[in-house]
Amino acid sequence: MRRIYLDHNATTPVDSEVLGAMLPYFVEDFGNASSIHSFGQKTRSAVEHARESVAALIGARPAEIVFTSGGTESDNTAIFGIVAASRSASKHVITTSIEHPAVLNACESLEKQGVQVTYVSAARDGRVDPGNIRRALRPDTLLITVMHANNELGTIQPLEEVGSIASEAEVYFHTDAVQSAGKISIEVNRFRVDLLSLSGHKLYAPKGVGALYIRSGTHIKPLLFGGHHQRDYRPGTENVAGIVGLGKAAELARASLTAEGSRIASLRDRLETGILAKVPEARVNGSLTARTPNTTNILIPYVEGEALIIALDLRGVACSTGAACSSGAVAPSHVLTAIGLAPEDARASLRFSLGRYTTAEHVDYALSVIPGVVEHLRDLSPVYKRPAIAQ
Ligand code: PLP
């Protein structure tokens, strides 16, 4: 059976060039990057080269890049680190209701420690109104954290506007760019962000490596304490092979950003248009314009998303819902309900996220399978009435 992967926002395969760049650092060039001898010098220079490549992807300076274990650690370091570095008696953080759990759960944990958090809502198109961020500002606001692209919808937030609000108010600004890095252009100075998170496994590097951009001069406390690696921002012997992989992935993404963006967007549009044409009542969730080129989130009324995913998987098509499965119960996506979808519509929505190896043939195969699978599930639904066929 064919297997078509349309779930690149969950994770991506490691690019073969990335793997090739990493391999020597497992066996031949295995030195500790902190060692003074030549084994250490070799890996130190590989780590520093990767730092330059990651910095170049986002328009930063290499000294402002700290390697981490991934997006979750980068988000947590930014959020807890800024709050911990502040001596104010009263602390306030602004975020949005559609963030990834790596941000939302960090904020919830802060609330338990007495920090106040404002969760700004997003509109039906998945976009946050910068005016609402401005209105949420208080004299004790320390940090604004707003994601760049949403993982479920692909919707891109107006970071430049949020950045100028933050800089005018002299409040730190963090963005979770895990879903945008390597897909669309990022310029830390244009966005005026002080902190930016990215993750290797969303851009064809391995899982378990990521980076946090920290603008120089930012007052931040580390999450971890240990040896003095990475100037104490993130102690722990560097994951050299992973870091080299992230550096190579950043170089590859940067070299093909525009061309690859338009190639993927046209495949995504072909998939989306095909589904809308072949599946009655299907509609797209979130903005049609301000979104990453690879993502579409489609509401397919009268089906259970989970059932649809399983049925599609049996026909060789892998996609996902945004729903998190906890304690056996499938909760509707917090992102889709936050932008105003009814729980049953949120449960009936699917995310398709395309990637570097997706071809027109993959899209056409998915389109040959999806309508029939939906029709079959709808036939089993007690609430679905098949449109009458004109005689
Ligand atoms: N932030 C966003 C927007 C994500 O999509 C993800 C992963 O899905 C993360 C953070 C967490 O990244 P990681 O899996 O590297 O911890």
Side-chain angles (χ1 to χ4, degrees), residues 5-14 18 54 57-58 65-81 95-109 119 122 126-128 145-157 159 162 174-184 186 191 193 195-213 223-224 234 236 239 242-243 245-246 249-250 253 286 290-297 318-326 333-336 338-339 351-355:
Y5 186 75
L6 298 175
D7 199 14
H8 291 80
N9 287 8
T11 197
T12 58
V14 173
V18 169
V54 172
L57 182 67
I58 60 171
I65 302 297
V66 172
F67 291 112
T68 65
S69 66
T72 301
E73 185 189 326
S74 297
D75 286 343
N76 275 258
T77 305
I79 294 167
F80 287 112
T95 188
T96 80
S97 51
I98 59 164
E99 298 295 310
H100 188 272
V103 167
L104 284 181
N105 291 338
C107 287
E108 258 179 45
S109 165
Y119 298 88
R127 301 253 290 169
V128 172
T145 171
V146 174
M147 72 198 317
H148 191 195
N150 183 266
N151 42 305
E152 295 187 26
L153 297 164
T155 313
I156 299 166
Q157 299 302 335
L159 289 199
V162 179
H174 165 250
T175 191
D176 174 337
V178 166
Q179 291 292 348
S180 57
K183 292 182 187 144
I184 53 175
I186 295 180
F191 298 158
V193 285
L195 301 127
L196 179 146
S197 306
L198 57 86
S199 171
H201 73 106
K202 311 288 185 178
L203 68 149
Y204 306 91
K207 295 159 187 65
V209 64
L212 177 63
Y213 158 77
L223 273 191
L224 304 177
R234 207 289 192 166
N239 166 12
I243 289 170
L246 179 56
R291 61 175 167 166
T292 45
N294 78 319
T295 307
T296 179
N297 189 306
C319 60
S320 78
T321 62
C325 181
S326 55
S333 147
H334 75 278
V335 173
L336 298 181
I339 65 165
R351 175 187 73 187
F352 298 92
S353 47
L354 286 62

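FYI, side chains are in, hydrogens and waters are out, and symmetry mates aren't considered; it's all heavy atoms of this structure. What you see is a predicted model; the values in this text were computed from it and never measured. Just so you know, ligand 1 is whichever comes first in the structure, and atom 1 is the first atom listed for that ligand.
- Protein heavy atom in closest approach to atom 4 (C) of ligand 1: His100 CD2, 3.2 Å.
- For atom 11 (C) of ligand 1, the closest heavy atom belonging to the protein is Thr72 OG1, 3.5 Å.
- Between the Ser353 side chain and the Asn9 main chain, a donor and an acceptor come within less than 3.5 Å of each other.
- In terms of N/O distances under 3.5 Å, ligand 1 is not approached by Asn151.
- Side chains of His174 and Thr145: a donor on one and an acceptor on the other come within 3.5 Å.
- Near Ser199, meaning under 4.0 Å from any of its heavy atoms, are these atoms of ligand 1: 13 (P), 15 (O).
- For atom 1 (N) of ligand 1, the closest heavy atom belonging to the protein is Asp176 OD2, 2.6 Å.
- Counting heavy atoms from C-beta on, the side chains of Asn150 and Asn297 never come closer than 4.5 Å.
- The OG1 atom of Thr95 sits 9.5 Å away from atom CG of Asp75, with the distance rounded to the nearest 0.5 Å.
- Using a 4.5 Å cut-off on side-chain heavy atoms (C-beta onward), Val66 and Thr77 make no contact.
- With ligand atoms numbered from 1 in the order given, ligand 1 contributes 13 (P), 14 (O), 15 (O) to contacts under 4.0 Å with heavy atoms of His201.
- Ligand 1 places these atoms under 4.0 Å from at least one heavy atom of Asp75: 1 (N), 10 (C).
- Summary of contacts: the protein heavy atom closest to atom 12 (O) of ligand 1 is Gly71 CA, 3.4 Å.
- Residue contact check for ligand 1: Lys202 places a non-hydrogen atom closer than 4.0 Å to it.
- Atom numbering of ligand 1 starts at 1 in the shown order; those under 4.0 Å from a heavy atom of Gly70 are 15 (O).
- When the options Leu246, Val178, Thr72 are evaluated for a side-chain contact (heavy atoms from CB on, under 4.5 Å) with Ser199, the one that passes is Val178.
- Looking only at atom types and distance, the side chain of Asn76 has no donor-acceptor partner in the side chain of Asn105 under 3.5 Å away.
- Given atom 5 (O) of ligand 1, the protein heavy atom at minimum distance is Gln179 NE2, 2.8 Å.
- The closest side-chain donor-acceptor pair between Thr11 and His201 falls under 3.5 angstrom.
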